[in-house]
Number of protein chains: 2
Amino acid sequence: MNFIIKNRLTILYGISLALLLFLLRWLELKFIIFEHSLEIYLGAIAIIFTSLGIWLALNLTKPKIKTLIIEKEIYINHETGFILNEPELARLGISKRELEVLQLMSEGLSNQEIAGQLFVSLNTIKTHSSRVFEKMDVKRRTQAIEKAKKLSIIP
Amino acid sequence: MNFIIKNRLTILYGISLALLLFLLRWLELKFIIFEHSLEIYLGAIAIIFTSLGIWLALNLTKPKIKTLIIEKEIYINHETGFILNEPELARLGISKRELEVLQLMSEGLSNQEIAGQLFVSLNTIKTHSSRVFEKMDVKRRTQAIEKAKKLSIIP
DNA sequence: ATAAAAATCACCCTAAAGTATGAAAGGTAA
DNA sequence: TTACCTTTCATACTTTAGGGTGATTTTTAT
């Protein structure tokens, strides 16, 4: 069964050829018996074999494929994946809350804005930031941000 | 001339067909004069027209176009290679000196330190920074640094 | 040559940032 | 329980940052 399925195209071609030969024989008989003109017979043969040729060419040759390669550029920003450098964080002794304050600082928020966001007083934020600067051994928030980014403590 | 070049394929086909008809006529004459067998004549016609059919099919069919879109991923490396976003810089209207001040700001320097580094007065740096904030539409230096980094104006 | 833009500086004032010190509440580990 | 850390908040003070205004010099472009 598998053999038949695999070679079904070849078998079909064989059957078609056989039928074609029968057709030709029938045309020849008609030509001989009824004494029709030679031209009609020749014309029929020409048409049939031209068709055969076209059919053979279309079905037995592999289709011509013109491959058009279009390169589409996709820009990927792989800065999204941020991995917190926890050992460094532990080494500096920065607490969770302090890190939070540091993060909001790096986003450009003022102490007052950070206080509002974390629902604490301005003084609390000042204390936190002072401790962070002390622990990180920096003098200003801008320095803290710079250093923290270099150390992968903040994104 | 242009007409000939454009339709050269059609003209070629016409000439080929004419030659083919001549060949057939010649074969017919040979068949009648020398009383050769009908089978050879028919065979020749069959072969010629099969070939014609194959040739026609191969040359007149349009190739199938297969479009392959290859997506090429391009990673932007923010860490190593920094490319200054000059169009954005021009759009914001930030001058060379202002950019310098902005850069030193991002490194965590105070206005006084920037003034010392650039050999100008503190007031000059204040003017520059104020202009930068105005042009960048921010309120604080930390915001300016954040935005500038996002816009690839500073590394 | 002249106008526009950039860079420089000064003065005054307010807002924000940062320092110092003290203190109280809550959680955690020895 | 004690000692320690974290988080919270306050007050007082100093320093830095930032806004507004005006002015001069230098550079650049038309």
Side-chain angles (χ1 to χ4, degrees), chain A residues 84-151 153-154, chain B residues 84-151 153-154:
Chain A
L84 199 148
N85 187 353
E86 284 185 66
E88 194 60 41
L89 202 69
R91 196 184 66 79
L92 295 170
I94 291 171
S95 71
K96 275 171 283 176
R97 201 58 159 174
E98 285 163 356
L99 180 64
E100 254 184 300
V101 172
L102 186 55
Q103 253 160 349
L104 293 172
M105 261 184 192
S106 78
E107 286 168 26
L109 301 198
S110 68
N111 286 341
Q112 188 63 71
E113 286 168 338
I114 295 168
Q117 195 135 345
L118 299 181
F119 302 106
V120 291
S121 80
L122 172 62
N123 286 310
T124 305
I125 300 305
K126 282 190 176 186
T127 312
H128 284 321
S129 61
S130 278
R131 281 197 197 291
V132 168
F133 301 155
E134 202 181 311
K135 285 172 179 177
M136 292 187 76
D137 192 32
V138 294
K139 288 204 189 308
R140 280 170 290 280
R141 55 173 53 216
T142 47
Q143 278 183 357
I145 293 162
E146 243 272 313
K147 200 164 182 177
K149 287 205 176 195
K150 271 189 182 168
L151 296 174
I153 287 170
I154 53 170
Chain B
L84 201 148
N85 188 353
E86 284 186 65
E88 195 58 41
L89 203 67
R91 195 185 68 78
L92 295 171
I94 291 171
S95 71
K96 275 171 284 176
R97 201 58 160 174
E98 286 163 356
L99 180 64
E100 254 184 299
V101 172
L102 186 57
Q103 255 159 349
L104 293 172
M105 259 181 193
S106 78
E107 287 168 24
L109 301 199
S110 69
N111 286 341
Q112 188 62 70
E113 286 167 338
I114 295 168
Q117 195 136 345
L118 299 181
F119 301 105
V120 290
S121 81
L122 172 62
N123 286 311
T124 304
I125 300 305
K126 282 189 175 185
T127 311
H128 283 321
S129 62
S130 277
R131 282 197 196 289
V132 168
F133 300 156
E134 203 181 309
K135 286 173 179 177
M136 293 188 76
D137 192 31
V138 294
K139 289 206 190 303
R140 282 173 287 281
R141 54 175 52 217
T142 47
Q143 278 184 356
I145 293 163
E146 244 271 314
K147 201 165 182 176
K149 288 204 174 194
K150 271 190 180 166
L151 296 173
I153 286 171
I154 53 170

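By convention in this document, chain letters (A, B, ...) are assigned in the order of the sequence lines, proteins followed by strands, and residues within each chain are numbered from 1.
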Exercise for review: By nearest nucleotide on DNA chain C, pick out whichever of Gly93(B) and Lys126(B) is the more 5' one.
Suggested key: Gly93(B)
**Study point:** Protein-nucleotide distance (Leu118(A), atom CG; dT6(D), atom P), rounded to Å
**Key:** 17 Å
Review point. In whole angstroms, how far is the C1' atom of dT6(D) from the NZ atom of Lys96(A)?
Key: 9 Å
**Study point:** Nearest to side-chain heavy atoms of Ser110(B), which nucleotide of dA10(D), dT6(D), dT16(D)
**Key:** dT16(D)
Revision key, fill the gap. Looking only at dT8(D), dG19(D), dA17(D), the nucleotide nearest the Thr124(A) side chain is dT8(D)
Check your understanding: Between dC9(D) atom C1' and Ile125(A) atom CD1, what is the distance in whole Å?
Key -> 11 Å
Exercise for review: Evaluate whether atom NZ of Lys139(A) has more than 12 neighbouring non-hydrogen atoms of other residues, nucleotides or ligands under 6.0 angstrom away.
Suggested key: no
Revision key, fill the gap. Whole-Å distance, Arg140(B) CZ to dA17(D) C1', equals 11 Å
Review point. Hey, is the side chain of Asn111(B) poking within less than 4.0 Å of OP1 or OP2 on dT16(D), counting only N and O atoms?
Key: no
Review point. In whole angstrom, what separates Gln143(B)'s CD from dG18(D)'s C1'?
Key: 13 Å
Practice item. Identify which one of Asn85(A), Leu104(A), Leu99(A) satisfies the side-chain contact (heavy atoms from CB on, under 4.5 Å) criterion when paired with Ile154(A). Key: Leu99(A)
**Study point:** Least distance between heavy atoms, Arg141(B) atom then Leu109(B) atom
**Key:** NH1-O, 3.1 Å
Practice item. Examine dT7(D): is either OP1 or OP2 under 4.0 Å from a nitrogen or oxygen in the side chain of His128(A)? Give yes or no. Key: no
Review point. Mapping Asn123(B) and Ile94(A) onto DNA chain D by nearest heavy atom, which one lands closer to the 5' end?
Key: Ile94(A)
**Study point:** Evaluation steps, side-chain contact (heavy atoms from CB on, under 4.5 Å), between Met136(B) and Leu102(B)
**Key:** CA-CA 11 Å; Met136(B) 293 188 76; Leu102(B) 186 57; 4.0 Å; yes
Practice item. Tell me whether the OP1 or OP2 atom of dT8(D) has a side-chain N or O from Arg97(A) closer than 4.0 Å. Key: yes
Check your understanding: Between atom CZ in Arg131(B) and atom P in dA17(D), what is the gap in whole Å?
Key -> 19 Å
Check your understanding: Rounded to whole angstroms, how far apart are CZ on Arg141(B) and C1' on dG19(D)?
Key -> 14 Å
Practice item. Please report, rounded to the nearest Å, how far the P atom of dG18(D) is from the CD atom of Glu134(B). Key: 14 Å
Check your understanding: What are the bounds, 5' to 3', of the part of DNA chain C that sits under 4.0 Å from heavy atoms of chain A?
Key -> dA17(C) to dT19(C)
**Study point:** Pairwise distance CE(Met105(A)) to OG1(Thr142(A)) - rounded to 0.5 angstrom
**Key:** 10.0 Å
**Study point:** side chain to side chain donor-acceptor pair (under 3.5 Å) contacts touching residues 89-98 of chain A (sequence neighbours left out)
**Key:** Glu88(A)-Arg91(A), Ser95(A)-Glu98(A), Arg97(A)-Glu100(A), Glu98(A)-Lys135(A)
Check your understanding: Between the base of dC9(D) and the side chain of Thr127(A), is there any donor-acceptor pair under 3.5 Å?
Key -> yes
Check your understanding: Are any of the side-chain nitrogens in Arg140(B) or Glu113(A) under 4.0 Å away from the carboxylate oxygens of its partner?
Key -> yes
